[in-house]
Participant: 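Structure provided below as C-alpha cells; questions to follow.
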There are 2 protein chains.
Amino acid sequence: MATGRTHRPATRSRGIPEATVARLPLYLRALTALSERSVPTVSSEELAAAAGVNSAKLRKDFSYLGSYGTRGVGYDVEYLVYQISRELGLTQDWPVVIVGIGNLGAALANYGGFASRGFRVAALIDADPQMAGKPVAGIPVQHTDELEKIIDDDGVSIGVIATPAGAAQQVCDRLVAAGVTSILNFAPTVLNVPEGVDVRKVDLSIELQILAFHEQRKAGEEAAADGVVPPAVARKQRPTDQGPDGDVPAVMPA
Amino acid sequence: MATGRTHRPATRSRGIPEATVARLPLYLRALTALSERSVPTVSSEELAAAAGVNSAKLRKDFSYLGSYGTRGVGYDVEYLVYQISRELGLTQDWPVVIVGIGNLGAALANYGGFASRGFRVAALIDADPQMAGKPVAGIPVQHTDELEKIIDDDGVSIGVIATPAGAAQQVCDRLVAAGVTSILNFAPTVLNVPEGVDVRKVDLSIELQILAFHEQRKAGEEAAADGVVPPAVARKQRPTDQGPDGDVPAVMPA
DNA sequence: ATGTCTTTGTGAACGCGTGCACAAAGATGG
DNA sequence: CCATCTTTGTGCACGCGTTCACAAAGACAT
C-alpha cells in the first residue's frame, strides 16, 4: 500500500505483480547481506526467513522473474543479486531531487540508504532564501527558482517532497511540469497528479494511527466486560479535545 | 502494506478489514480539514475526492463502523471526526518513545504530526552517552539504560526505532521485554517479534526502489525496439557494478 | 546408469479487497 | 400526504494475492 492514488493501472507491470515488486527490495537486502558473507547459494527457505516472508511466496515471486534457481540446490546469491537489481532498475543511476530541506529533508539528505543503491542526490531545494547556499550533507541547498533548470539539466525523473503539507501540491505540480514522473511524498496530503506519474507516500502519522488502532483493540480485549463501554456520546456533541493545539491536520516540520 | 511480519493474524480485527483501518487516518485528515472550515456535512462523493479514494469504497469502509450517514444528505463532519477518532483510539493519550536520535530520530521528534493526534513523545533515547541531557525538540535525550524504567513508569506501549540497522533488533527486544507491544520501525531490517506484538515498517530505500522499477518500465516502453535489449548476461557472470561504494545494505544515518 | 534425496516451480483453491449497480431511506417541495 | 430527488448502504461479481501441496528437475552417490 502506498501508491498515491488517482489513476492506478495498478495491475501487473509487464507480468510482475505489484505485490511482488514491493518485496523485491526486501529480498535484495537479504541477498546483499549474504553476498557480503560470501555465501554462494541459498535455499528459498533460508532466504525467505531472512526476508521475513513465506518460502512459497518467495518462490512464486522469483518465478515471475524467470527460473533462476537450481532444484536440489537453491539460488546462486550473486546471480540473484544481479537479476533483482537489474529488474528494479538499480544498475543505472537515478538522480533524485529533495524539495523541502527542513528536519526531515535534511535527514533524508543524510540518509546513507539513498546513495547505496544508485540513487544520487542531484540537488536539495528549499523555498527559504536563507537556506540557499547552505550545505546540507555536503550539498549546497538551492532555491526553488532553480528547480526546473536542475531537473532539466540532470534529467531527474524522481522527486522527493518533504515540504509542509500546504506547499506539497504546488511543488508537485512544478516537479511534474518539469518532467518528473515519480514522486515520493512525505507531506501529509493527497497529491493530484496526471496519468503516467507515480506517487508513493510515506506518512508517519498514519502509521502511528494504525498502530494505535491495534493497540486499543489489544487493550480492549482484556477489559472485556468493563464499565469502560463507550458512553454513547450524544449525536452532534462536540468532541472533547480538538481545542488545545490548534490542530493543524498534521503539518510537516519542514 | 507494511506490517512487519512474522505472525500476522492479519485478518479483520473485530469486523473491520485491515485495508479499511489503513484508510481511516486518511478520512480523518480530510474531515479535520473540513471541520476547520466549519463545513457541517459532506457527501461520500466529496469526501472521497478529498481523501483520494473511490466513493463506493469510502461508503463501504464507513459501513463497517456503523450507519453514520443520512441518506439524501451525507455525513455529519463533526460526528464522523469523533467516531473515527474513537475507533482509531485517538481519544486517549499514547505515550511514545523514540529510540535512536540521529538525523531521522531528531526529525521525528520535531514532527508536528506526532503531537497533534494524541501521540505524546514520552522520551527520546540514544545509546550515545554524549547525547544524554542534550535537548532535542525541547526534550532532553536520555541514555539507553533508562529505557526500561521510562517504559514502565509512563506505561509506554508504542516504540519508534530510528537506530542504525545493526542495533534495531537488539533495541526491539528490549522494548518488547519492557512491555511495548507496537513498534514503528525505520531501520532497514526485518524485526523478529513474539506473537501479539505489532510491527510496522517505513523504509525510504524500498519506496525509492519501487519507484525506480516503474520508472524503468516507463522508459523501456518508449525504447521498445532498441539495441538496448538485455545483453543476456552469461549465467554465473559477476555483475558489473557492486564494487565501488562498498554497498552496505542501506545503513541508517542515525 | 540408476536410484535416492533435496529443492524448485507451479496448478489449483481460497480469501480479501474493490467496484458496480441498485434498492432502501430519508429529505424536500407541493 | 404524496411524489420526487438525492445519497446512503450493500449484495454481488470479479480479480489479485496467498498458500498448499505436489510433480518435475537436478545433484549426488553408488
Side-chain angles (χ1 to χ4, degrees), chain A residues 1-3 5-24 26-27 39-77 79-80 83 210 235, chain B residues 1-3 5-24 26-27 31 39-77 79-80 83 210 235-236:
Chain A
M1 156 32 343
T3 319
R5 287 326 354 316
T6 307
H7 61 301
R8 156 136 7 194
T11 29
R12 51 193 54 178
S13 318
R14 174 302 195 68
I16 302 183
E18 193 54 34
T20 296
V21 173
R23 280 188 294 267
L24 290 181
L26 230 53
Y27 301 144
V39 177
T41 61
V42 275
S43 68
S44 62
E45 202 68 52
E46 293 167 323
L47 185 54
V53 302
N54 166 318
S55 72
K57 194 186 298 190
L58 178 142
R59 286 198 302 276
K60 180 144 289 191
D61 282 343
F62 285 175
S63 79
Y64 293 115
L65 307 185
S67 279
Y68 293 158
T70 305
R71 297 173 191 228
V73 176
Y75 299 91
D76 181 282
V77 173
Y79 183 65
L80 205 45
Q83 287 301 337
I210 296 172
R235 186 133 182 182
Chain B
M1 168 92 28
T3 320
R5 288 317 8 308
T6 307
H7 61 302
R8 158 142 354 196
T11 28
R12 50 192 55 176
S13 317
R14 177 296 192 78
I16 302 183
E18 194 55 33
T20 295
V21 173
R23 280 188 294 267
L24 290 182
L26 232 52
Y27 301 144
L31 284 164
V39 177
T41 61
V42 275
S43 67
S44 62
E45 201 69 49
E46 293 167 323
L47 185 54
V53 303
N54 168 317
S55 70
K57 195 187 298 189
L58 178 142
R59 287 198 301 275
K60 181 148 290 189
D61 283 342
F62 285 175
S63 78
Y64 292 115
L65 307 184
S67 280
Y68 292 156
T70 305
R71 297 175 192 226
V73 177
Y75 299 91
D76 182 283
V77 171
Y79 184 64
L80 205 46
Q83 288 301 337
I210 295 172
R235 186 135 183 183
K236 303 282 178 185

Participant: Take the protein atom NZ of Lys57(A) and the nucleotide atom C1' of dC16(C), then report the distance between them rounded to whole Å.
Facilitator: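 Spelled out: NZ on Lys57(A) to C1' on dC16(C) is 13 Å.
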Participant: Among residues at least two apart in sequence or on other chains, which ones pass salt bridge (charged side-chain N to carboxylate O under 4.0 Å, His left out) with Arg59(A)?
Facilitator: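 For Arg59(A), no residue satisfies salt bridge (charged side-chain N to carboxylate O under 4.0 Å, His left out) once neighbours in sequence are set aside.
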Participant: To the nearest 0.5 Å, what is the distance between CD1 on Ile16(A) and OH on Tyr64(A)?
Facilitator: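 Atom-to-atom, Ile16(A):CD1 and Tyr64(A):OH are 10.0 Å apart.
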Participant: Quick check for you: to the nearest 0.5 Å, what is the distance between Asp61(A) atom CG and Thr20(A) atom OG1?
Facilitator: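 These two atoms lie 3.5 Å from each other.
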Participant: I need a per-nucleotide contact map over nucleotides 4-13 of chain D, read 5' to 3'. Cutoff is protein heavy atoms under 4.0 Å; write B for the base, S for backbone only, - otherwise.
Facilitator: --BBBBBBB-
Participant: Write down the distance between CD (Glu18(B)) and C1' (dG17(D)), rounded to a whole number of angstrom.
Facilitator: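 Nearest whole value for this atom pair: 16 Å.
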Participant: Rounded to the nearest angstrom, tell me the gap between atom CD1 in Ile16(A) and atom P in dG17(D).
Facilitator: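 It works out to 12 Å between those atoms.
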Participant: Please name all residues satisfying side-chain contact (heavy atoms from CB on, under 4.5 Å) with Ala48(A), sequence neighbours left out, ordered by chain then number.
Facilitator: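 Listed in chain order: Val53(A), Ser55(A), Leu58(A).
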Participant: Go through the structure and list residues passing ring pair (Phe, Tyr, Trp, His ring centres under 6.0 Å) with Tyr75(B), not counting sequence neighbours.
Facilitator: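 Checked Tyr75(B) against ring pair (Phe, Tyr, Trp, His ring centres under 6.0 Å); matches are Phe62(B).
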Participant: Between Tyr68(B) and Gln83(B), what is the shortest heavy-atom contact and its length?
Facilitator: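 Distance-wise, the nearest heavy atoms are OH-OE1, 3.0 Å.
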Participant: Would you indicate which nucleotide in dC20(D), dG19(C), dG17(D) comes nearest to any side-chain atom of Asn54(A)?
Facilitator: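 The listed nucleotide nearest to Asn54(A)'s side chain is dC20(D).
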